[in-house]
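Single-structure report; data block below.
Positions are given from 1, in the same order as the sequence printed here.
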Amino acid sequence: YLNRRFDVIPPHLRILALLAAHTCAGNLTRVAIDWSYLPEVFFFLLLLLSSFSFFSRSYSYLLGNHAAGLEIVLQTGIFGGFQKVINALETIHIIGVSPGAINVEKETKPESRATVIQNGTNLLKLIYKKQYTRLRLVYNTHNTLPHLTSLPHSPLHSEKDEVDAPDIDKLIVEFPYGRILSRPCDKLTPKERELCSLACLAGQIVFPQMHSHILGALNTGASMQEIRSIFDQTGTSSPPQFSPAQILTPPNASHRIRVG
């Protein structure tokens with residue numbers, strides 16, 4: 001296991017995935033280490049070197065990593081809670097954030113709610129593709145939890161466990177997908193966000209969501225090898241009671257996904 005290769009994903013994405021996993025786990029010591037390895041601590045040197053065409057072609061990914069890192073920490077709130085996000089951000093700002101990583105002017109000009117909902121809808125379509133229509137139909141129907149959690153390995157609930165599905169739909173489209181995962185960041189692609197989402201989920205027993213985000217990573221351009229690499233790496237940073245074998249083996253064999 002320890003000899004598996006991690007070089008199928010670039011170094012900056014590997015660090016971002018570790019940052020996501022450690023933020024979600026509440027491990028601030030590791031968050032500080034991850035942040036210190038983001039190469040933008042040499043921001044001005046990198047900015048100077050980027051003027052040379054060779055550097056620009058080969059190492060341009062090094063610029064903007066602090067902006068990408070802040071976005072990744074923010075999105076872990078969806079998977080691990082915003083208390084951990086706040087603690088991680090406090091740790092990061094003690095270490096230092098490069099100039100330009102936070103666009104104050106843009107942050108103080110929020111988008112309209114209609115734009116946010118449209119952005120969330122577009123991202124859901126990109127990630128879920130053929131499953132999108134079914135997902136929205138499920139969330140827009142007043143029904144009981146068995147309808148919402150219809151996978152064979154999901155627990156059954158009684159009629160009294162009724163939920164307001166349209167409210168769930170609005171919440172999912174507008175908040176996680178519209179306001180967080182759709183935030184503009186030219187140093188992050190939907191594929192990279194999905195891989196970092198998998199790093200967060202890898203330390204949790206949430207098989208339906210893991211299944212969805214594996215498909216989401218594939219739909220946004222990730223390869224099986226990249227997904228396996230994220231799981232292999234996260235296996236070294238997650239709590240010891242979890243392992244990649246558990247992650248890729250849900251209780252019901254029909255929902256097992258072979259990665260790698």
Side-chain angles (χ1 to χ4, degrees), residues 1-2 4 6 8-41 65-97 101 172 175-177 179-181 183 185 187-188 190-214 216-217 222 226-251 257 259-260:
Y1 167 71
L2 293 177
R4 287 176 181 161
F6 296 144
V8 297
I9 53 177
H12 76 288
L13 179 54
R14 191 174 317 137
I15 296 171
L16 291 175
L18 283 172
L19 181 63
H22 290 141
T23 298
C24 203
N27 190 334
L28 297 181
T29 300
R30 291 294 180 179
V31 166
I33 293 172
D34 297 336
W35 191 259
S36 70
Y37 273 99
L38 280 177
E40 205 169 356
V41 290
N65 273 337
H66 278 193
L70 291 174
E71 287 293 329
I72 290 301
V73 170
L74 177 62
Q75 80 173 48
T76 62
I78 300 170
F79 308 101
F82 281 93
Q83 300 90 336
K84 294 174 181 177
V85 170
I86 292 169
N87 293 340
L89 289 175
E90 287 180 350
T91 300
I92 285 168
H93 280 281
I94 289 172
I95 298 171
V97 178
I172 291 174
F175 182 62
Y177 288 92
R179 295 196 180 274
I180 296 183
L181 295 175
R183 282 169 56 87
C185 180
K187 295 300 178 181
L188 271 181
K191 165 188 161 181
E192 290 170 332
R193 284 190 181 273
E194 279 297 293
L195 289 174
C196 288
S197 297
L198 288 177
C200 292
L201 293 171
Q204 306 177 53
I205 305 177
V206 284
F207 298 121
Q209 290 73 25
M210 178 66 70
H211 180 277
S212 294
H213 282 280
I214 289 174
E226 288 173 316
I227 293 172
R228 186 56 191 249
S229 183
I230 290 291
F231 284 146
D232 286 348
Q233 172 179 279
T234 308
T236 68
S237 60
S238 298
Q241 64 266 33
F242 300 109
S243 71
Q246 287 177 292
I247 293 166
L248 300 176
T249 312
I257 296 178
V259 181

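Considering CZ of Arg228 and CD1 of Ile214, their distance stands at 10.5 Å, rounded to 0.5 Å. From Leu188, atom CG reaches atom CD1 of Ile72 across 4.5 Å, with rounding to the nearest 0.5 Å. Remark: Ile33 CD1 to Ile15 CD1 distance equals 12.0 Å, nearest 0.5 Å. Between Ile227 atom CD1 and His213 atom NE2 the span is 12.0 Å, to the nearest 0.5 Å.
Judged by distance alone, the side chain of Thr23 and the main-chain N or O of Ala20 form no donor-acceptor pair under 3.5 Å. No donor-acceptor pair under 3.5 Å is formed between the side chain of Trp35 and the backbone N or O of Leu19. The main-chain N or O of Ala17 is never found under 3.5 Å from a side-chain atom of Gln233 such that the two would form a donor-acceptor pair.
In this structure, Leu13 and Glu226 have side chains that are not in contact, with every pair of non-hydrogen atoms separated by 4.5 Å or more. At a threshold of 4.5 Å between non-hydrogen side-chain atoms, the residues Cys196 and Ile230 do not count as touching. Taking the side chain as every heavy atom from C-beta outward, Asn65 and Lys187 never approach each other to under 4.5 Å. Considering only heavy atoms from C-beta on, Phe231 stays 4.5 Å or farther from Leu201 through its side chain.
Taking both residues in full, the closest heavy atoms of Ala202 and Thr234 are given as CB-CG2, 3.5 Å, listed atom of the first, atom of the second, then distance. The minimum heavy-atom distance between His66 and Gly96, with the atom names listed, is CE1-O, 3.8 Å. Contact detail for Leu38 and Gly69: the closest heavy-atom pair is CD1-CA, 4.5 Å. Of all heavy-atom pairs spanning Gln204 and Cys24, the tightest one is NE2-SG, 3.6 Å.
Partners of Phe175 by side chain to side chain contact (heavy atoms under 4.5 Å, CB included), not counting sequence neighbours, listed by chain and number: Phe82, Leu171, Ile180. Partners of Ile172 according to the side chain to side chain contact (heavy atoms under 4.5 Å, CB included) rule, which considers only residues two or more places apart in sequence or in another chain, are Tyr139, Ile168, Tyr177.
The side-chain hydrogen bond (donor to acceptor under 3.5 Å, both in side chains) pairs that include a residue from residues 81-95 number zero, where partners must be two or more places apart or lie in different chains.
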> Going through the checks in order, is the side chain to side chain contact (heavy atoms under 4.5 Å, CB included) test met by Leu181 and Ile78?
Replying inline: CA-CA 9 Å; Leu181 295 175; Ile78 300 170; 3.9 Å; yes
>> Could you walk me through whether Arg30 and Asp34 satisfy the salt bridge (Lys or Arg N to Asp or Glu O under 4.0 Å) test, starting with their C-alpha distance in whole Å, then the side-chain angles of each, then the deciding distance to 0.1 Å, before giving a yes or no?
In response: CA-CA 6 Å; Arg30 291 294 180 179; Asp34 297 336; over 6 Å; no
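Between Glu71 and Arg193 there is a salt bridge, since a side-chain N of the basic residue sits under 4.0 Å from a carboxylate O of the acidic one.
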